[in-house]
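Report on the structure given below.
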2 protein chains.
Amino acid sequence: MRAADGKAMTKDAQAQPVRGLDEQICFAVYSAAHAFNRAYRPFLAELGLTYPQYLVMLVLWEQDGQSVKAIGERLMLDSGTLTPLLKRLEGNGLILRKRGREDERQVLVELTEAGRVLHEKAGRSANPVPCAVEDSGVPPARLLEEVRALREALLRRAAAED
Amino acid sequence: MRAADGKAMTKDAQAQPVRGLDEQICFAVYSAAHAFNRAYRPFLAELGLTYPQYLVMLVLWEQDGQSVKAIGERLMLDSGTLTPLLKRLEGNGLILRKRGREDERQVLVELTEAGRVLHEKAGRSANPVPCAVEDSGVPPARLLEEVRALREALLRRAAAED
DNA sequence: AACAATTAGATTGTGCACAATTTAATTTCC
DNA sequence: GGAAATTAAATTGTGCACAATCTAATTGTT
């Protein structure tokens with residue numbers, strides 16, 4: 001866990017009249033996540049991946065041979081989500097799953113040749129999403145930082161809840 | 001549909017080297033959506049709702065008696081998602097589903113007394129999420145507008161893809 | 001009236017997402 | 001060295017999410 005900066009939380013949760021849908025940041029983020037999914041679909045269909053599978057591939061393209069645990073920490077997903085997803089990627093010939101020799105509890109995930117080739121293909125395919133981000137007119141660097149700050153604050157609250 | 005301002009899209013999708021996970025706004029939004037879910041969980045557990053069910057209740061609390069179609073347009077969800085979700089809400093006694101008398105293809109969704117009472121209860125329960133948003137230090141009004149602008153740009157791209 | 005086209009929901013099948021539990025391997029502590 | 005605690009994955013069960021398909025009702029056209 002990062003960000004144990006000791007700064008006290010500003011206040012406690014309190015009862016409040018329920019806000020309408022359109023004033024809620026949570027719905028904006030929720031629906032934006034769906035919109036990303038839709039915008040990515042044609043690009044990912046060319047690669048034969050779903051969006052969560054693409055995220056796993058991004059993690060492996062950054063560093064091959066990671067454990068399920070390490071992938072899960074990177075993506076904030078648990079084994080109940082990753083195990084079947086990784087089995088599908090293995091079934092499609094993009095990765096191999098093998099028990100660690102040193103610690104046999106671990107499962108190490110390695111790219112196959114096809115998995116590495118897909119990295120090149122992804123780089124050559126037209127990705128519509130960065131353009132859409134640009135179209136939105138929102139400065140990407142600032143938005144990235146704001147959404148990350150929001151996520152971290154939410155995770156701190158969730159962890160503090162009990 | 002809003003925002004048909006006639007402004008041409010700035011450029012077409014192009015091939016680009018694949019960016020790392022941490023530079024991608026899509027992953028920031030995706031993981032922030034999960035973080036909202038986690039932060040909401042204890043609040044929603046008190047109400048006996050999941051997050052998507054809470055969204056449906058928000059829509060009905062704003063206006064009772066809407067059709068499945070209208071709810072779906074508001075939340076950007078289709079009948080394959082809503083039908084079983086609404087049946088669960090009906091099973092829990094929060095709503096009633098009845099065929100429209102005027103147009104029998106429609107199913108109208110109405111709050112029960114328990115569903116209305118839950119609105120009051122939601123208003124009295126401590127909601128940790130606004131506090132977390134405040135903790136993040138990001139100006140909420142600006143963030144809301146930026147995320148919405150992003151979503152609309154993504155949906156335009158997705159619609160234009162083919 | 002009659003028939004095509006459209007529309008509203010429901011259904012089916014695939015794939016996340018996560019809580020809770022289980023199994024097996026490893027580490028810790030004595 | 002051996003029992004207890006911890007850890008890594010897998011499994012099970014519930015609930016979204018959406019594409020594709022199906023059924024039934026309505027609307028439009030002739």
Side-chain angles (χ1 to χ4, degrees), chain A residues 26-27 30-42 44-45 48-57 66-92 97-109 155 158 161-162, chain B residues 27 30-42 44-45 48-57 66-73 75-92 97-109 155 158 161-162:
Chain A
C26 63
F27 177 65
Y30 168 86
S31 54
H34 290 176
F36 266 115
N37 229 300
R38 261 170 255 179
Y40 258 120
R41 200 172 298 275
L44 292 176
L49 296 173
T50 66
Y51 180 67
Q53 288 170 5
Y54 178 60
L55 291 179
V56 168
M57 296 304 286
Q66 297 191 62
S67 67
V68 173
K69 170 94 165 137
I71 295 169
E73 281 175 354
R74 202 77 211 295
L75 297 178
M76 308 178 192
L77 297 173
D78 73 2
S79 68
T81 301
L82 286 174
T83 296
L85 188 159
L86 291 169
K87 285 181 175 174
R88 280 185 284 270
L89 287 177
E90 188 176 38
N92 293 341
R97 296 158 64 250
K98 44 177 77 163
R99 288 277 162 189
R101 206 185 321 286
E102 195 167 315
D103 183 341
E104 290 196 6
R105 293 170 303 179
Q106 295 189 118
V107 170
L108 301 180
V109 181
L155 292 177
E161 275 297 309
D162 62 352
Chain B
F27 176 65
Y30 168 85
S31 53
H34 290 175
F36 265 114
N37 229 299
R38 261 170 256 180
Y40 259 120
R41 200 173 297 277
L44 292 177
L49 295 172
T50 65
Y51 180 67
Q53 288 169 6
Y54 178 60
L55 291 179
V56 169
M57 295 305 287
Q66 297 190 64
S67 68
V68 173
K69 170 95 164 132
I71 296 169
E73 279 175 355
L75 297 178
M76 307 178 191
L77 296 173
D78 72 3
S79 69
T81 301
L82 286 175
T83 296
L85 188 159
L86 292 169
K87 284 181 176 175
R88 279 185 285 271
L89 287 177
E90 188 176 38
N92 293 341
R97 296 159 65 248
K98 44 178 77 163
R99 288 278 161 187
R101 205 186 322 283
E102 194 166 317
D103 184 341
E104 289 196 7
R105 292 171 306 180
Q106 293 190 117
V107 170
L108 301 181
V109 181
L155 292 178
E161 274 298 309
D162 63 351

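Note that the structure is predicted; figures quoted are calculated from it, not measured. Quick note on labels: first sequence line is chain A, next is B, and so on, each numbered from 1.
- The listed nucleotides are dA8(C), dA10(C), dG15(C); the one nearest the side chain of Gln53(A) is dG15(C).
- Contact annotation: the side chain of Thr50(A) never approaches that of Asn37(A) to less than 4.5 Å [non-hydrogen atoms, C-beta and beyond].
- Taken residue by residue, residues 32-41 of chain B places heavy atoms nearer than 4.0 Å to DNA chain C at His34(B), Arg38(B), Arg41(B).
- If you take OG1 on Thr81(A) and CG on Asp78(A), they are separated by 4.5 Å, rounding to the nearest 0.5 Å.
- The backbone N or O of Leu108(B) lies less than 3.5 Å from no partner atom in the side chain of Arg99(B), so there is not a single donor-acceptor pair.
- Between Pro42(B) and Ala39(B) the shortest heavy-atom distance is CD-O, 3.6 Å.
- Rounded to a whole Å, the NZ atom of Lys69(B) is 14 Å from the P atom of dT6(C).
- Contact annotation: Ser67(B) side-chain N/O to dG9(C) OP1/OP2 distance is under 4.0 Å.
- Regarding Ile71(B), its CD1 atom lies at a distance of 14 Å from the P atom of dA8(C), rounded to whole Å.
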Short heteroatom pairs, N/O only, protein and nucleotides 26-29 of chain D, under 3.5 Å:
from: dT26(D); atom 1: OP1; to: Glu104(B); atom 2: N; distance (Å): 3.2

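- Considering only residues two or more places apart in sequence or on other chains, Lys87(A) meets the side chain to side chain contact (heavy atoms under 4.5 Å, CB included) condition with Thr83(A), Arg97(A).
- Candidate nucleotides dG9(C), dC16(D), dA9(D) were compared by shortest atom distance to the side chain of Arg99(A), and dA9(D) ranks first.
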For nucleotides 1-3 of chain C, list the nitrogen or oxygen atoms of the protein found under 3.5 Å from its nitrogen or oxygen atoms, one pair per line.
none

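- When the nucleotides dG15(C), dA10(D), dG9(C) are ranked by their closest atom to the side chain of Gln106(B), dG9(C) comes out on top.
- Annotation: side chain of Met57(B) is not in contact with side chain of Gln53(B) (no heavy-atom distance under 4.5 Å).
- Closest approach of Leu155(B) and Ala35(A) over heavy atoms only: CD2-CB, 3.7 Å.
- Between Tyr40(A) and Tyr54(A), the distance separating the two ring centers is shorter than 6.0 angstrom.
- Taking atom CE of Met76(A) as the reference point, atom P of dC16(C) lies 19 Å away to the nearest angstrom.
- Among the duplex regions that DNA chain D forms, those built from at least three successive Watson-Crick or G-U pairs under 3.5 Å are C:1-30 with D:1-30, ordered by first number.
- A heavy atom closer than 4.0 Å to some atom of DNA chain C occurs in Asp78(A), Gly80(A), Thr81(A), Leu85(A), these being the qualifying members of residues 78-87 of chain A.
- In this structure, CG in Leu75(B) is found 5.0 Å from CZ in Phe27(A), a value given to the nearest 0.5 Å.
- The line from CG of Leu77(A) to OG of Ser31(B) is 9.5 Å long, rounded to the nearest 0.5 Å.
- When the C1' atom of dA17(C) is taken as reference, atom CZ of Phe27(B) falls 14 Å away, rounded to whole Å.
- Rounding to whole angstrom units, CG of residue Leu44(B) and C1' of dC18(C) are separated by 15 Å.
- Nearest heavy atom pair, residue Leu82(B) against residue Val68(B), reads CD1-O, 3.8 Å.
- Spacing between atom CG of Leu89(A) and atom P of dC16(C) amounts to 8 Å, rounded to whole angstrom units.
- As rounded to whole Å, 12 Å separates atom C1' of dA9(D) from atom CG of Leu108(A).
- Taking all atoms of both residues into account, the shortest heavy-atom contact from Leu55(B) to Tyr30(A) is CD1-CE2, 3.3 Å.
- Comparing dG15(C), dA17(C), dA9(D) against the side chain of Tyr30(B) picks out dA17(C) as the nearest.
- The shortest heavy-atom contact between Ala33(A) and Ala33(B) is CB-CB, 4.2 Å.
- The two atoms that bring Ser79(A) and Pro84(A) nearest to each other are O-CD, 4.1 Å, heavy atoms only.
- In this structure, Arg88(A) reaches the dC16(C) phosphate: one of its side-chain N or O atoms is under 4.0 Å from OP1 or OP2.
- The nucleotide whose nearest atom lies closest to any side-chain atom of Arg97(B) is, among dC16(D), dA9(D), dA10(C), dA10(C).
- Nucleotide dT14(C) holds its P atom 14 Å from the CG atom of Asn92(A), rounded to whole Å.
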